[in-house]
2 protein chains.
Amino acid sequence: MSERRPLKVALLGCGSVGSEVARLMTANAADLAARIGAPVELAGVAVRRTGVDRPGIPDELVTTDATALVKRGDIDVVIELIGGLEPARTLLTTAFAHGASVVTGNKALLAEDGPSLHAAADSRGVDLYYEAAVAGAIPLVRPLRESLAGDRVDRVIGILNGTTNFILDRMDTSGAGYAEALEEATALGYAEADPTADVEGYDAAAKAAILAGIAFHTRVRFDDVHRQGITEITAADMAAAARMGCTVKLLAICERTPDGRSVTARVHPAMIPLTHPLASVREAYNAVFVEAAAAGQLMFYGPGAGGAPTASAVLGDLVAVCRHRLSGGSGPGESAYAQLPVAPPGGVVTRYHISLDVADRAGVLAHVAAVFAEHDVSIDTVRQQGKDGEASLVVVTHRATDAALAATVEALRRLETVRGVASIMRVEGE
Amino acid sequence: MSERRPLKVALLGCGSVGSEVARLMTANAADLAARIGAPVELAGVAVRRTGVDRPGIPDELVTTDATALVKRGDIDVVIELIGGLEPARTLLTTAFAHGASVVTGNKALLAEDGPSLHAAADSRGVDLYYEAAVAGAIPLVRPLRESLAGDRVDRVIGILNGTTNFILDRMDTSGAGYAEALEEATALGYAEADPTADVEGYDAAAKAAILAGIAFHTRVRFDDVHRQGITEITAADMAAAARMGCTVKLLAICERTPDGRSVTARVHPAMIPLTHPLASVREAYNAVFVEAAAAGQLMFYGPGAGGAPTASAVLGDLVAVCRHRLSGGSGPGESAYAQLPVAPPGGVVTRYHISLDVADRAGVLAHVAAVFAEHDVSIDTVRQQGKDGEASLVVVTHRATDAALAATVEALRRLETVRGVASIMRVEGE
């Protein structure tokens, strides 16, 4: 085994994940060689600027010219941990053109361009693996692509962003408001200085697009994902959820339409029952709940981010693509053969929890109930509270299409007796 | 793609799982062909006796001669769902000798003979896949073998038997005793007429051996697993656990010893905190909690048994081995290269919850405490209850080696003031 020529790896990006990948490749070199069947060595590390201390990485391996590195011709695997659309996209297509397999954690690029990147890899008979792009350490891409390859996935519900789950978990357990919980998350390093990508749901939406594409064997892009973040969630919303035996999570929900002819993908806050497995996902953990025709209900849970967990996913992919290169094969690729259109979420069936500020007088409830009836939305429960001439009305509906519910809310806003819509939250997972 | 010659599959066994596999292969034939890259067809089904109605399976495919089927020479994949050591072992080695890859659900055989079967497969360059042997539909073997291949697994804790988890869950939620819960499980089909293999922990121990071997890249056999079933669990044990904020589960615990030089594998009932993710595994679901050096804490959850869930796992493996046959490669195999000895569980560090019936007089606690001190086991909490001249003493220890704890219990039994040991339970997952 040790006589085999070493497989050469180019590492693009040396941040928290990249430096951990480099460290593990060195620390676990013997184990990796045993599992792959040949030694693996770092042939180069592309960084943005030199002069930074990188313990464990020999200076002669460090370069700022990523393009030259991937064009070398003797590179077996390119690990891309730069992120973003460019220059990553060009670097990866160059890597494929030079016969290298790719392991990446780049969710933005995959959500935007997954199918064409897969096609480029397939045309050269090399691999494109990206477990690290979706849910950190949790093996998810491989189980969906491979273990469930003989099954039919009907729905995937995920908590895919650790920052927002940490914030919502704090709000739930401590009664804190959004701003206070975000502050705590930032202080503890769970939120970045600019948390927009996380709290607005961009991160979760990119991951949802990737997951949906794999689950349903069809192309789903970032723009196809209906997205709403957590910035409007209040302590009152949390309390309302608790009264219903629920908690509030930022959920990514990808599902087939009932007729099976299209798929939907959405990311938004939702109430889920405390008895649902996803309700017990705490702090910055992620989890994905899969419903498959034969397998039933599966859940995968673990750290969704962080240098070491994400590096674990990268190394798992590295072992796989290295083995393939030795044996002459390649992984399953990702043929989006199903070619299902992505439907807008209007047809999605869900429930709403609506909190209205209304005038405190007789007849308000009748007006409100009539609006629901006009839109064919059944009411499950209503709670009225009145004080000082103002009142609040909390309505929980039965299941209806998202379009009917949205139209109902718009009509409610136009009622003279409705002062405003304090909050709207979907109720899922029942 | 449709011009490719079909891959031929021999199915051995047509019980609840086998018939579901056959059904899904027919119902999903187009999807399977798309994912594999070639059509797959059932070339023969070996059964114990003919004359049984098998809807969906053409009579001409059914045979009672499994040996002749696997010797045919044109079989690509043998799916073995017979179970047990023989004739399965001989049929599988024959299959390998004739160049066929194998997909099996046979935990008893793998726990007994895994390494030699792997060697036989490797020597012919074919695959041996067995996701269905461990935890039904839950992708577990593949994530451990492949996704975590670049990581180091330190501990695996699993609920691997649905029958016993259902029984314990009923005892926990309804306060029922063991016999009553077993009766309910049998009536609902969660327990077989002879439930010995499940309630005595044989099933879980075989699965633990397989998981430990994969997790630690070393050979662990069924006989290496310290095994204790749930038949002695009482409603009082459940109540004691609840008082401690715990529940009782039948856990399979596989871990490296602190010095890293050996591994241990055990199956026994244990208390775990209600806050532990495994505590929320209800009814007949299974779950496996993995602790890896880089990935951190991962959990996999889903149906551990049943025709359709297990068939899902078989089909996932079928897709993989078929793809490998088309591309000329094979899966990772399972080199037990680490060759770690399996240590007896005496060195395992755990906590005990011990309930003693003692004489109700002064000095008993001092005697009991002295015994713990002699064996270097620290006491965490003690609760005494006395009535009618008899008393019970409930001791919860701090962490100590299982050997020291067992020796302590033996010494306690010999005390004149100790009438008997009512129950001993390990406390895990903290």
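Naming: A, B, ... by sequence-line order, numbering from 1 per chain.
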Problem set entry | Neighbourhood of chain A inside residues 147-158 of chain B, taking heavy atoms under 4.5 Å as contact | B/S147, B/L148, B/A149, B/G150, B/D151
For this session: Give the minimum heavy-atom separation between B/P143 and A/P143, together with the two atoms involved.
Result: CG-CG, 4.4 Å
Seminar exercise, completed: Greatest number of non-hydrogen atom pairs under 4.5 angstrom with chain B, of A/Y285, A/F300, A/Y301, falls to A/Y301
Problem set entry | Under 4.5 Å from any heavy atom of chain A - which part of B/L318 | neither
Problem set entry | Among A/G302, A/A308, A/A313, A/A311, residue most engaged with chain B (heavy-atom pairs, under 4.5 Å) | A/A308
For this session: State which residue, out of A/R35, A/R142, A/R323, A/E131, fulfils the side chain to side chain contact (heavy atoms under 4.5 Å, CB included) condition with B/E146.
Result: A/R142
Problem set entry | Reported CG-to-NE2 distance for the pair B/D31 and A/H217, which is rounded to 0.5 angstrom | 7.0 Å
Problem set entry | Contact leader toward chain A among B/S280, B/G307, B/P303, B/G296, where contacts are heavy-atom pairs under 4.5 Å | B/P303
Exercise. Among B/P139, B/S312, B/P309, which one satisfies side chain to side chain contact (heavy atoms under 4.5 Å, CB included) with A/L298?
Worked result: B/P139
